[in-house]
Every structure is written in C-alpha cells, then in structure tokens.
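The shown structure was predicted, so the numbers you read here are calculated from the model rather than taken from an experiment.
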Amino acid sequence: MRLGLALGYWGRGPDPGHVALAQEAERLGYDSVWTAEAWGSDAFTPLTWIAAQTSRIRLGTAVVQMAARSPVTTAMHALTLDHLSGGRMMLGLGLSGPQVVEGWYGRPFPRSPLTATREYVEVIRQVLRREGPVELAGRFHSHPYDGEDGTGLGKPLKPITHPLRADLPVLLGAEGPKNIAQTTRIADGWLPLYWSPLRTDVYEASLADVPEGFLIAPMARAKVCDDVAEGLLPVKAMLGFYIGGMGHSARNFHADLMARMGYEAEARHIQELFLAGRREEAVLAVPDAFADEISLVGPRARIAERLELWRKGPVTDLLVLAPDPHTLRVLAELNS
C-alpha cells in the first residue's frame, strides 16, 4: 500500500505550509500528493505550484469537479501539467452534487449521472489518445456541439499539443454502488470519500470486477496524538459539514453513504441539526466510532495496529490528510 498526501482545498486563503509539507512527503518517500476544489480555489493551480517545487512525487487531483469545466478543458489542464511535471499527473474527477453544480456552477445537475460521467471520461480519453478528432454524439457532451442554439459550424478537432501519455491515469470519486461499479469499467482508479477497513463488505458487490492494476485510493485524516477524542474532532467537523451541509435534505450523497455504512439514524440526525442551524450540535452528534474507523488517530502504537487493517484490504493507495510533518514521518516509518 502506497502513501499519498492529501492537501484538500483552500479555506479562506492559501495554506503557507502546503509546499513544505509536499516537499517533506516527497523526502519521506510518499508516492503522491493531491489537491482538491469546492467553490473557492481550483485544484490545478496549487498542484502546478507544487509540481514546480518537487521532482519525483506524483501529482493528483482528488477531485476536480466535472461541472467546473468541459471535458476537453479538463483534458487540456491535465496534459499540460503532465508535460510540465515530466509525466507525474493523475487526474481525479468528481461529479459533485446538485447543490454545488446548480448553485455554484449554474448548470443543471445531470438527470443521468452515470451517463454524464461516462461521456466526460470518454472525451478525455479521446483527447489523451490523440488518434483523431474528438467526436462524440453524447447526451450531455457532444463534439462537435449539435444543440439547437448552435451555428452548426463546429469542426471536429484533435489537440494541437501531443499529450505526453495516452494512458495518463483517470480516477473517479464515486459514492453510489452503480457509480462505483461503472468506475471499475471506465477509469483507472477509484477515490472513495469514506473508507472503513472494518466494512469493506459495503463495497464488495461494486468492486466484484476490478481489473488488474486498478487503484483504490481513499482519504483518511491522520494525527499522532495522545488524546484520541481530541484528535477526532477535526474528523467529526468534516463529517458534520459534509453529511449535514453538502447537499439538500432530500438528496445528500454523503449522508446516503454514511447510512449504507451502518449509521443511517445518525446520518439523518446530523442532517436535521445542521440544516436547523445547530452546526456545533451536528458535529458533536457524529459518532466517535464512525469518525475513528475512517481515520488514523491516536498514539503511534494505536495507529500502527489500525494501519495493518488498511494494509490487509484492497486499498492500493492511502491518501493521508495529515496536518504536520511528525504524523507524515510516523506513517512513513510504519508503512515501510
């Protein structure tokens, strides 16, 4: 199991320690570093900044949102950074949800998410293969554009720039069972949002036909500390926000995932509290047990014991949300 460093997206502003943290991860032998985006900073720019100040560590997006860019635009970003970094780019994509897609990007959330995702990935593959002009008569992505409001003058084009790698890895952040199963067929890897080494059966059916070399790369917050309860507070804060606020009360993919993992009543209660404006209570309502099983928190010996559970399962890459070099170093030593 390889280790990666997950930096997430910016909050109020850029974190001045992210480059140094990425450089330390590279020095410690981490395989990859990952950036993200929500409705603020983008994922590609910080990753390019890190690429310019590292030399070996692979560079991934976990994730860039499909609604933010057309598939050819995303492919352009990926092939450009792949060239500039000497072939270190990995492209992680996510569909997001209706609240963000329609509220932030001002676009309709696709009524058939699986079809929209499949078409998006197909366009990117065509760009990267550069075997001919990009052509797709898609339901959501048509190349050339053939909508009634178009001119009809669109011309099939292939990229001027020759991509460095036709097989640049494409990973998907999928949560629903059907979406995960499709991911194993159309992508090179999967980026689970929550992964519990104690509940791998939740994904067993969706991962039944995983091809050889397929990446399974979940994120997990890690913190070496003496007080487990205190160390779990950032995990609970994240879960409270995602489960309570990242979605509508009637359609929240994160809450649905927590429910499938055995915490349905707790997930709905967190939603109710968060949507009622009782955010602190929502965070405190997150079960310590759930926060604990999807993270690596506590003294070194405890983390070592729990890390073995992650290593025994199908996870190929553990993407660590670790705020300090000491935690990164401990994990590197334990995983060596």
Query raised in the report: Side chains of S55 and E26: does their closest heavy-atom pair fall under 4.5 Å?
Result: yes
| message | Go through it in stages, so that I can follow the logic: the residues are F290 and E266, the test is side chain to side chain contact (heavy atoms under 4.5 Å, CB included), and I'd like the CA-CA distance, side-chain angles, deciding distance and then a yes or no. | response | CA-CA 10 Å; F290 182 60; E266 293 88 342; over 6 Å; no
**Prompt:** Does some side-chain heavy atom of Q126 sit less than 4.5 Å from a side-chain heavy atom of P133?
**Reply:** no
Tell me if a side-chain donor or acceptor on S70 pairs with a main-chain N or O of T73 at a distance below 3.5 Å.
yes
The complete set of salt bridge (charged side-chain N to carboxylate O under 4.0 Å, His left out) pairs with one or both residues in residues 198-208, sequence neighbours excluded, reads R199-E293
Close side-chain approach of M89 and T61, heavy atoms under 4.5 Å: yes
Q. Mind checking whether R221 and P234 have side chains closer than 4.5 Å, heavy atoms only?
A. yes
Does a side-chain heavy-atom distance below 4.5 Å link W10 with P46? yes
- request: Without swapping roles, check the side chain of Y203 against the backbone of P192 for a donor-acceptor pair under 3.5 Å.
  value: no
Does the side chain of R88 come within less than 4.5 Å of T54's, by heavy atoms? yes
Residue pairs passing the ring pair (Phe, Tyr, Trp, His ring centres under 6.0 Å) test with at least one member in residues 42-64, sequence neighbours excluded, are F44-H77
So the salt bridge (charged side-chain N to carboxylate O under 4.0 Å, His left out) pairs with at least one residue in residues 318-336 (sequence neighbours excluded) are K223-D324, R300-E333
Residues joined to L309 in its hydrophobic cluster, side chain to side chain under 4.5 Å directly or through other members, sorted by chain and number, are L198
Sequence neighbours excluded, the answer for salt bridge (charged side-chain N to carboxylate O under 4.0 Å, His left out) partners of D42 is none
>> When you compare the side chains of Y105 and Q65, does any donor N or O come within less than 3.5 Å of an acceptor on the partner?
In response: yes
Apart from L191 itself, its cluster of hydrophobic side chains linked below 4.5 Å comprises W34, V63, M90, L171, L215, M219, L319, L321
Original post:
Checking side chain to side chain contact (heavy atoms under 4.5 Å, CB included) for the pair V170/R125: CA distance, chi angles, key distance, verdict?
Top reply: CA-CA 9 Å; V170 177; R125 298 288 200 195; 3.7 Å; yes
task: Following the transitive rule for hydrophobic clusters with a side-chain heavy-atom cut-off under 4.5 Å over Ile, Leu, Val, Met, Phe, Trp and Tyr, establish whether I270 and V283 coincide in one cluster.
output: no
Regarding R302 and D292, does a basic nitrogen lie under 4.0 Å from an acidic carboxylate oxygen? yes
Tell me, yes or no, whether the heavy-atom count around H269 atom NE2, taken from other residues, nucleotides or ligands under 6.0 Å, exceeds 12.
no
Taking every heavy atom of F274 against every heavy atom of A282, the minimum-distance pair comes out as N-CB, 3.8 Å
Practice problem: Would you check if the side chain of H83 reaches a backbone N or O of H162 as a donor-acceptor pair within less than 3.5 Å? | Solution: yes
Smallest heavy-atom separation, A285 atom then L273 atom, equals CB-CD1, 3.8 Å
Here the gap from I303 atom CD1 to R306 atom CZ, rounded to the nearest 0.5 Å, amounts to 9.5 Å
Nearest heavy-atom contact between W310 and A220 is CH2-CB, 3.8 Å
Joining Ile, Leu, Val, Met, Phe, Trp and Tyr whenever any side-chain heavy atoms lie under 4.5 Å apart, the cluster holding F140 also takes in none
Closest heavy-atom pair, V127 versus P159, reported as atoms and distance to 0.1 Å, is O-CG, 3.5 Å
query: Can you tell me if S41 uses its side chain to pair, donor with acceptor, with the backbone of Y9 under 3.5 Å?
result: no
Is it the case that atom CD in E280 sees more than 12 heavy atoms from other parts of the structure closer than 6.0 Å? no
Return yes if some donor-acceptor pair links the side-chain N/O of E37 with the main-chain N/O of V64 below 3.5 Å, else return no.
-> no
Taking every heavy atom of T327 against every heavy atom of A322, the minimum-distance pair comes out as CG2-CB, 3.9 Å
**Message:** When you compare the side chain of V123 with that of E119, does any pair of heavy atoms fall below 4.5 Å?
**Reply:** no
So CG of L239 and OH of Y194: to nearest 0.5 Å the spacing works out to 5.0 Å
Residue set satisfying side chain to side chain donor-acceptor pair (under 3.5 Å) with E305, at least two apart, ordered chain then number -> none
message = When you measure from the side chain of Q271 to the backbone of G244, do you find a donor-acceptor pair of N or O atoms at a distance under 3.5 Å?
response = no
Exercise for the section: Answer yes if V224 and L334 sit in the same cluster of Ile, Leu, Val, Met, Phe, Trp and Tyr residues linked by side chain heavy atoms under 4.5 Å apart, and no otherwise. Expected result: yes
task = Output yes when a side-chain donor or acceptor of S142 lies under 3.5 Å from a complementary backbone atom of A137, and no otherwise.
result = no
With side chains defined as the heavy atoms from C-beta onward, is the minimum distance between L28 and L328 less than 4.5 Å?
-> yes
So salt bridge (charged side-chain N to carboxylate O under 4.0 Å, His left out) across residues 128-152, not counting sequence neighbours, yields E122-R129, R129-E131
Applying side chain to side chain contact (heavy atoms under 4.5 Å, CB included) to P211 and not counting sequence neighbours gives T184, F214
Salt bridge (charged side-chain N to carboxylate O under 4.0 Å, His left out) pairs touching residues 158-167, sequence neighbours excluded, are D82-R165
* Asked: Going by an N to O cut-off under 4.0 Å, is there a salt bridge joining D256 and R268?
  -> yes
request  = Over 60° means perpendicular and under 30° means parallel, so classify the ring planes of W39 and F241, tilted if in between.
outcome  = tilted
- Query: Do side-chain atoms of R107 reach the backbone of A67 as a donor and acceptor pair under 3.5 angstrom?
  - Reply: yes
Look at atom CE of M76 and say whether more than 12 heavy atoms of other residues, nucleotides or ligands are closer to it than 6.0 Å. no
Hits for side chain to side chain donor-acceptor pair (under 3.5 Å) against Q23, two or more places apart or cross-chain, chain-then-number order -> none
Does any N or O in the side chain of D31 come within less than 3.5 Å of the main-chain N or O of D317, such that one atom is a donor and the other an acceptor? no
- prompt: Do L233 and V228 belong together in a cluster built from hydrophobic side chains that touch within less than 4.5 Å?
  reply: no
* Asked: Does L84 belong to the same Ile/Leu/Val/Met/Phe/Trp/Tyr cluster as L59, with side-chain heavy atoms less than 4.5 Å apart forming each link?
  -> no
Exercise. Yes or no on side chain to side chain contact (heavy atoms under 4.5 Å, CB included) for T117 and M66, after CA distance, side-chain angles and deciding distance?
Worked result: CA-CA 8 Å; T117 299; M66 296 184 217; 3.8 Å; yes
Do N335 and R311 have side-chain N/O donor and acceptor atoms under 3.5 Å apart?
yes
Are L136 and L95 joined in one hydrophobic group, where the rule is that I, L, V, M, F, W and Y side chains link up if heavy atoms are under 4.5 Å apart? yes
Correct closest heavy-atom pair for D288 and L232 would be O-CD1, 3.9 Å
Could you walk me through whether L157 and V134 pass the side chain to side chain contact (heavy atoms under 4.5 Å, CB included) test, one step at a time?
CA-CA 6 Å; L157 299 170; V134 176; over 6 Å; no
Report task. Give a yes-or-no answer on whether the side chains of T45 and T48 include a donor-acceptor pair shorter than 3.5 Å. Result -> no
